[in-house]
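The basis for the numbers below is simple: all heavy atoms, side chains too, and nothing from hydrogens, waters or symmetry mates. Remember, predicted model here, so these are calculated numbers, not experimental data.
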Amino acid sequence: MKTVISLLILSLPLIQGCGFVYQRHLTGNYYLIAVDTKDDMDVCYHPQRDDAPYTGITGAGVHAAGYDDDFILVKAYRALKDSTGMPSQRYDRTTSEYYIIPVNNTQEAWEAQENIFGPFGKKDFEDKRKELGVSDDITLKEL
């Protein structure tokens, strides 16, 4: 499913020709990308090759992030599901989910999609953060 959403997000600029409305390098091969609006914000992996696409990692709805050289922490609005149970492009702005992404700049894009912890609620996120040894110096900053 992540692959389908990633391909859709990444193909939109080709269809519409508008490019990214937001792009910010985080660390290594990781970027914050929004295609049409900031609501589309996703953490993406982009290997440093000319032919490599940006591959979505977390899904859209990212509204806060923090990172160091070892981990990226993400806070995203929970995507609402459509009538078939698939995530829609609408978000529950009252509920956030949390992700932990170990930084690995040597992997392939498909591996980057699998190399993620979450989504978590706040308590489970804090527990996993401690278990993984994620630095307390990383703070989530609103985007």
Side-chain angles (χ1 to χ4, degrees), residues 1-16 18-49 51-82 84-143:
M1 179 60 201
K2 287 181 185 178
T3 303
V4 172
I5 291 172
S6 297
L7 291 174
L8 177 61
I9 288 172
L10 296 174
S11 68
L12 286 175
L14 299 174
I15 295 168
Q16 297 176 348
C18 64
F20 301 134
V21 296
Y22 186 89
Q23 178 179 1
R24 186 174 112 201
H25 179 250
L26 294 174
T27 185
N29 295 335
Y30 296 85
Y31 295 80
L32 280 171
I33 301 290
V35 177
D36 289 323
T37 69
K38 282 188 107 178
D39 287 343
D40 295 335
M41 191 77 66
D42 188 1
V43 173
C44 294
Y45 183 79
H46 180 66
Q48 301 304 308
R49 296 188 318 263
D51 63 338
Y54 287 82
T55 302
I57 304 296
T58 58
V62 172
H63 62 93
Y67 61 93
D68 65 10
D69 290 338
D70 300 311
F71 291 97
I72 300 169
L73 305 180
V74 176
K75 184 177 180 182
Y77 295 120
R78 185 174 53 85
L80 298 172
K81 299 192 188 282
D82 64 17
T84 64
M86 299 298 293
S88 71
Q89 293 292 8
R90 296 183 18 235
Y91 304 95
D92 177 355
R93 294 186 179 274
T94 65
T95 305
S96 289
E97 300 174 323
Y98 298 84
Y99 298 86
I100 301 171
I101 304 168
V103 173
N104 178 348
N105 296 310
T106 63
Q107 61 194 345
E108 294 298 323
W110 65 269
E111 293 170 311
Q113 288 181 315
E114 300 298 322
N115 188 25
I116 183 171
F117 297 96
F120 297 113
K122 182 72 170 167
K123 182 184 179 334
D124 290 339
F125 168 74
E126 292 298 338
D127 291 346
K128 190 65 166 180
R129 182 178 176 158
K130 286 179 183 155
E131 176 187 324
L132 294 172
V134 177
S135 172
D136 289 335
D137 292 339
I138 303 175
T139 58
L140 290 165
K141 295 180 181 106
E142 290 295 318
L143 304 171

Please tell me if the side chains of [X] and [Y] come closer than 4.5 Å, counting only heavy atoms from C-beta onward.
X: Val103; Y: Tyr67; result: no
X: Leu140; Y: Tyr98; result: yes
X: Phe125; Y: Ile100; result: yes
X: Asp39; Y: Arg93; result: yes
X: Gln107; Y: Tyr45; result: yes
X: Cys44; Y: Tyr30; result: no
X: Leu143; Y: Arg24; result: yes
X: His46; Y: Ile33; result: no

**Prompt:** Leu26 and side chain to side chain contact (heavy atoms under 4.5 Å, CB included): which partner among Ile101, Leu32, Val74?
**Reply:** Leu32
**Request:** Decide, yes or no, whether a salt bridge links Glu126 with Lys130 under the criterion of side-chain N to carboxylate O below 4.0 Å.
**Result:**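 A salt bridge is absent here (no side-chain N lies under 4.0 Å from a carboxylate O).
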**Prompt:** Thinking salt bridges, do Lys128 and Glu131 make one under a 4.0 Å N-O criterion?
**Reply:**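 Yes.
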**Message:** Test: salt bridge (Lys or Arg N to Asp or Glu O under 4.0 Å). Region: residues 51-77. Which pairs qualify, not counting sequence neighbours?
**Reply:** Arg49-Asp51
**Message:** So which atom in Gly28 and which in His25 form the shortest heavy-atom distance, rounded to 0.1 Å?
**Reply:** O-NE2, 2.7 Å
**Asked** Which atom names give the shortest non-hydrogen contact between Phe71 and Pro102, and what distance separates them?
**Response** CD2-CA, 3.8 Å
**Message:** So, taking the atom named OH in Tyr77 and the one named NE2 in His63, what distance separates them when rounded to the nearest 0.5 Å?
**Reply:**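 Taking OH in Tyr77 and NE2 in His63, the distance rounds to 4.5 Å.
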**Message:** Has Asp92 got a side-chain atom pairing as donor or acceptor with Leu80's backbone, closer than 3.5 angstrom?
**Reply:** no
**Asked** Is a donor on one side and an acceptor on the other found under 3.5 Å between the side chain of Asp42 and the backbone of Thr58?
**Response**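 Such a contact is found between Asp42 side chain and Thr58 backbone.
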**Request:** In sequence, state the C-alpha distance, the side-chain angles, and the governing distance for Arg129 and Ile138, and then conclude on side chain to side chain contact (heavy atoms under 4.5 Å, CB included).
**Result:** CA-CA 11 Å; Arg129 182 178 176 158; Ile138 303 175; 3.9 Å; yes
**Prompt:** Would you say the ring centroid of Phe120 lies under 6.0 angstrom from that of Tyr99?
**Reply:**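 When the ring centroids of Phe120 and Tyr99 are compared, they turn out to be at least 6.0 Å apart.
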